[in-house]
There are 2 protein chains.
Amino acid sequence: MKAKITLKDIARELEVSISTVSKALKNSEEISRDTKEKVQAFAKLYNYKPNNIAISLKNKRTKNIGVVIPDIVHHFFTTVIRGIEKYANARGYNVIVCLSEESFDKEVINMEMLANGSIDGFIMSLSSQTQEKGDYNHLKEVTEQGIPVVLFDRITHEVDCDKVIIDDELGAYQATKKFIEQGKKKIALITTDDYLSVSQARTKGYRKALEESSIGIDESMILKLPSMEMDEKAIKTFLNSKEPDAVLCVNEIFAVYSMRLVQEKGLRIPEDISFIGFTDGVLSKYANPSLTVVAQHGEKMGEVSAKMLIDKVESEAEEETYQTKILEPTLVIRDSIAH
Amino acid sequence: MKAKITLKDIARELEVSISTVSKALKNSEEISRDTKEKVQAFAKLYNYKPNNIAISLKNKRTKNIGVVIPDIVHHFFTTVIRGIEKYANARGYNVIVCLSEESFDKEVINMEMLANGSIDGFIMSLSSQTQEKGDYNHLKEVTEQGIPVVLFDRITHEVDCDKVIIDDELGAYQATKKFIEQGKKKIALITTDDYLSVSQARTKGYRKALEESSIGIDESMILKLPSMEMDEKAIKTFLNSKEPDAVLCVNEIFAVYSMRLVQEKGLRIPEDISFIGFTDGVLSKYANPSLTVVAQHGEKMGEVSAKMLIDKVESEAEEETYQTKILEPTLVIRDSIAH
DNA sequence: TATTAACACGAAACCGTTTTCGTAATATAT
DNA sequence: ATATATTACGAAAACGGTTTCGTGTTAATA
C-alpha cells in the first residue's frame with residue numbers, strides 16, 4: 001500500500017521548502033526552470049495529486065453540490081439528477097445526493113448535515129410533507145447563511161431563491177384541450193391533494209381548459225388522492241361510477257393502471273376512452289397501448305438548475321436577485337389518444 | 001446574511017482560548033462548570049456547528065462515500081442507490097453519486113476526482129466499456145492507496161476487494177426451470193453480449209437448466225444483443241423466425257417489448273407464450289399482462305454494500321481479507337406465466 | 001509552613017494546501 | 001565602487017478544527 005504523497009513529502013525529498021514545491025507545481029514564474037523541472041518530474045513520478053479537502057478548507061469552496069429530493073425511485077427525479085450530474089461534472093463539481101423520502105424531518109437533517117461546509121449550494125425539490133406543513137425555515141436559514149439554493153419542480157414562493165419549474169398548468173391545459181378538440185365530453189382528472197405544488201398547477205390547467213370550453217367543470221369528475229401512492233381501489237371505484245371518456249392523470253402510474261382497469265371492462269383505447277399522463281418515463285413508452293404524456297424534460301431541468309446554481313456559486317457579486325425559469329412542457333403523442 | 005460562526009469567534013467574544021471553547025463544547029472534564037455553560041449557551045445562541053471540512057482534514061475521514069455507476073435512469077441502479085443512501089445516512093455518511101454512462105474514461109475520471117480525499121471509500125458497478133476492455137488499473141490504484149472498494153452487480157474477479165452480487169446464474173436457472181416444468185419446449189433467451197458479467201451468468205443458468213432437461217440447447221434460440229439498448233428490429237425478427245413458446249429476457253424492457261410484439265400477432269400470454277424478465281421494476285408491475293421477473297433486490301444489495309464498505313472504513317485493522325456476498329434472487333410470479 | 005495534588009486553562013502543533021511578504025544572492029545601472 | 005533591481009527561494013500565516021502538553025493558581029496533605 002503506497003499512501004498518498006503530499007507537498008511536504010516532496011519538499012523533504014528534494015530539500016526545498018513546501019512553498020517552493022507548491023509554486024513549482026503551479027508553474028510560477030517565481031521559481032527557476034531547474035527547480036520547476038525537478039519538482040514536476042518528482043511529482044509526476046510519485047503521482048502527486050493535491051488533497052481536495054485541504055484545498056476546500058483553504059479557499060472555502062468544496063466543488064460539491066448537494067441535491068435533496070424526495071425520492072429517487074421515480075423516473076422524473078432520476079432524469080433530473082442525470083441532468084444535474086452531467087452538467088455539474090462538466091464544470092468540475094461533484095453531486096451529493098440526499099433523499100428526504102417525502103419526510104420533513106429528513107429534509108431538515110439532510111440539509112443541516114450538508115450546510116456545514118460540505119457543499120457550495122443546494123438543488124432541491126420539496127418533500128410532500130414539507131409542502132403540506134408549509135414550514136420553510138430550514139431553507140431560509142440556509143439562504144441567510146449565504147448558501148445559494150435552487151428549487152425545482154416542487155417549489156414554494158415563500159423562499160427567496162432561484163427556481164426552475166415546468167409550466168404544469170400549461171401542460172394540463174394543453175392536454176385537456178386536446179381531449180376537448182377530439183370531441184371528448186366527460187373528461188376526468190386523477191390527481192393528488194393540492195398541497196403538492198405541481199398537482200395544484202395541473203388541476204388549474206385542467207379547469208382552465210374546461211371553463212373555456214362549452215363543457216364546464218363537473219367537480220365530481222376530479223379524483224383527489226391523498227398522495228402519489230397508488231390507491232387501486234379508489235381509482236377503480238371512481239372510474240366505474242363516473243365512466244369518463246377521457247382521463248388526465250398527474251403521473252404515469254395512475255394512467256397506466258387506469259388503462260388496465262378499463263381494458264378489463266372491455267373498453268377500447270382510445271376509441272371509447274382516451275388517456276394522457278404526466279412524466280415521459282419508461283412506463284408510458286412500453287405500456288399497451290403506449291401512453292400519451294406531458295413530458296417534463298427532467299434532464300433539461302436538472303441541467304438548467306445546475307447551471308443557475310453554479311453560476312451563482314462562482315459569481316463574486318452578492319446580487320440578491322433571483323429568477324424563476326419556466327420550462328415548457330411538451331405533449332408526446334402516443335396510442336392512448338386518437339391521432 | 002449572518003455568516004457561520006467559528007470557534008475563533010466564540011473564543012474572541014468570550015475572551016477565552018480556542019482550545020477552551022473546543023473542549024467546552026465537547027463537555028470535557030478539563031473545563032469548569034461555569035465556563036462550559038457559558039460557552040455552550042453562546043454556541044447555541046449563535047447556532048454554532050463545526051465545519052465539516054476542517055474536521056475531515058484533521059482526522060482524515062470525510063464521512064462521504066463515492067458511488068460510481070453506469071447509469072441512473074435504470075430502476076435497478078436506482079434502488080441500489082436508495083439502499084446505499086438509507087444505510088449510509090443512518091451511519092452518518094453522505095453519498096456522492098457519479099455516473100460513468102457506460103464509459104471507461106468517465107469511470108476513470110470520476111474515480112480520480114473522488115480519490116484525492118473527497119471520499120472514504122467506493123461502491124461501484126462497472127461500466128460496460130470497462131468490462132469489455134478488461135482494464136481495471138484505475139481500481140487497482142485506488143485499492144493500493146488503501147481506499148476500500150465494494151463492487152456490486154457488475155464486478156470483476158481481477159480486483160481484490162469486497163463484492164456483492166446476486167446469483168444471476170441461479171435466477172436464470174430457476175426461471176428456465178419454471179418454463180420447463182410448465183411444459184414449454186421452445187425456450188428462448190434474449191440477452192446481451194457476454195462481456196457483461198451479469199449477462200454471462202444469466203446465460204449460464206439458462207443453459208444449465210436446459211442441459212439438465214430433456215430439451216437441450218438450441219443455440220439459435222439465444223439472441224445476443226450488442227448492449228442493453230433496445231434493438232426493436234432484432235427482437236422482432238428473432239421472435240418471428242424462432243416462434244418460441246417461452247422467453248427469458250435479461251431485463252424488463254426486452255420482455256415488455258417482446259410481449260407487445262407477440263400480442264400484436266394475436267398470441268395469448270401466457271397460454272401460447274410465456275415471459276420472464278430480470279429486474280422487478282415499475283414496468284413489470286404495470287405491464288399488461290404483468291411480468292413475472294427474477295427480482296434482484298437492489299435495495300438490499302445497496303444496503304449490504306454500504307455496510308461492508310463502512311465497516312471496512314471504520315475498522316482500524318488493515319486486514320487484507322475480502323469477501324464476496326451472494327444474494328439470492330427471487331422469482332416474482334405474475335401474469336406473464338401460468339400459475 | 002513547605003510540599004504536593006488537583007483544577008482550569010492556554011500555547012502550540014497538526015491536518016495539506018495557498019499566498020503574502022521578507023531576504024540573501026546575484027545582476028544591472030550609475 | 002556603490003546603489004538599485006532582479007531572481008529564487010523560504011518563513012509564516014491562514015483556512016477551522018482537535019489534541020497534547022505545559023503552567024499558574026488554589027486546595028489538600030504532611
Side-chain angles (χ1 to χ4, degrees), chain A residues 3-40 42-43 46-64 113-120 145-147, chain B residues 3-40 42-43 46-64 113-120 145-147:
Chain A
K4 280 259 153 195
I5 194 176
T6 69
L7 286 187
K8 196 195 251 183
D9 298 326
I10 303 182
R12 187 175 2 84
E13 285 316 299
L14 264 36
E15 298 184 302
V16 291
S17 77
I18 294 179
S19 357
T20 302
V21 177
S22 177
K23 289 169 193 163
L25 290 175
K26 297 196 120 59
N27 241 314
S28 160
E29 288 307 320
E30 229 180 301
I31 305 298
S32 73
R33 229 187 156 54
D34 271 15
T35 311
K36 278 198 278 194
E37 278 171 7
K38 201 173 56 175
V39 171
Q40 288 172 4
F42 190 92
Y46 286 94
N47 192 31
Y48 169 79
K49 293 279 162 51
N51 181 306
N52 290 333
I53 300 292
I55 293 179
S56 292
L57 182 59
K58 186 89 239 284
N59 37 225
K60 298 170 151 240
R61 284 277 164 82
T62 61
K63 289 247 168 188
N64 286 155
M113 235 179 130
L114 295 180
N116 301 126
S118 299
I119 49 103
D120 295 339
Q145 274 171 37
I147 303 178
Chain B
K4 281 259 151 196
I5 193 175
T6 70
L7 287 188
K8 197 195 252 183
D9 299 327
I10 303 182
R12 186 175 3 85
E13 283 318 299
L14 263 37
E15 298 184 302
V16 291
S17 76
I18 293 179
S19 359
T20 302
V21 177
S22 176
K23 289 170 193 164
L25 290 174
K26 297 194 120 57
N27 241 314
S28 159
E29 287 307 320
E30 232 180 301
I31 306 298
S32 74
R33 227 185 158 58
D34 271 16
T35 312
K36 278 198 279 194
E37 278 171 8
K38 201 174 53 176
V39 172
Q40 288 171 5
F42 190 92
Y46 287 93
N47 192 30
Y48 168 79
K49 293 279 162 53
N51 180 306
N52 290 334
I53 300 291
I55 292 179
S56 292
L57 183 59
K58 185 88 240 276
N59 36 224
K60 299 170 149 236
R61 284 277 165 81
T62 61
K63 289 247 169 190
N64 285 157
M113 235 180 131
L114 296 179
N116 300 312
S118 299
I119 49 101
D120 295 340
Q145 274 173 36
I147 303 178

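Computed from heavy atoms alone, side chains included, the values below leave out hydrogens, waters and symmetry copies. So you know, we letter chains A, B, ... as the sequences are listed, proteins then strands, and number each from 1.
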* Asked: Which letters describe nucleotides 16-22 of chain C, given B = protein heavy atom under 4.0 Å from base, S = only from sugar-phosphate, - = neither?
  -> BBBBBB-

* Determine the contact category for Thr35(B): base if any of its heavy atoms lies under 4.0 Å from a base atom, sugar-phosphate if only primed atoms, P, OP1 or OP2 are that close, otherwise nothing. => sugar-phosphate

* Could you note down all residue pairs passing salt bridge (charged side-chain N to carboxylate O under 4.0 Å, His left out) where residues 10-19 of chain B supplies at least one of them, sequence neighbours left out? => Asp9(B)-Arg12(B)

* What pairs with Phe42(A) under ring pair (Phe, Tyr, Trp, His ring centres under 6.0 Å), at least two apart in sequence or on another chain? -> Tyr46(A)

* Name all residues meeting the side chain to side chain contact (heavy atoms under 4.5 Å, CB included) criterion together with Ile55(A); count only those two or more places apart in sequence or in a different chain, and write none if there are none. => Pro50(A), Asn59(A)

* Structure fact -> Sorted by chain and number, sequence neighbours left out, side chain to side chain contact (heavy atoms under 4.5 Å, CB included) with Lys8(A) holds for Thr6(A), Ile18(A)

Partners of [X] by side-chain hydrogen bond (donor to acceptor under 3.5 Å, both in side chains), sequence neighbours excluded?
X        : value
Thr20(B) : Ser17(B)
Asn52(A) : Ser118(B)
Lys4(A)  : Asn116(B)
Thr62(A) : Asp120(A)

Counting only pairs under 3.5 Å, give me each side-chain donor-acceptor contact of residues 21-31 of chain B, with atom names and distances, residues two or more places apart or in other chains.
| unit_1 | atom_1 | unit_2 | atom_2 | d |
| --- | --- | --- | --- | --- |
| Lys23(B) | NZ | Glu30(B) | OE2 | 3.3 |
| Ser28(B) | OG | Glu30(B) | N | 3.0 |

* To do: Please report the shortest heavy-atom distance between Ser56(A) and Ile53(B), naming the atom on each side.
  => CB-CG2, 3.9 Å

* Asked: To the nearest angstrom, how far is Asn52(A) atom CG from dC15(C) atom P?
  -> 18 Å

* What integer distance in Å separates Ile53(B):CD1 from dC15(C):C1'? -> 13 Å

* Structure fact -> The bend of the helix from dT1(C)-dA30(D) to dT30(C)-dA1(D), taken between the axes of its five terminal pairs at each end and rounded to 10°, is 70°

* To do: Considering only heavy atoms of chain B and a distance under 4.0 Å, specify the first and last nucleotide of DNA chain D in 5' to 3' order that meet this criterion.
  => dC15(D) to dC21(D)

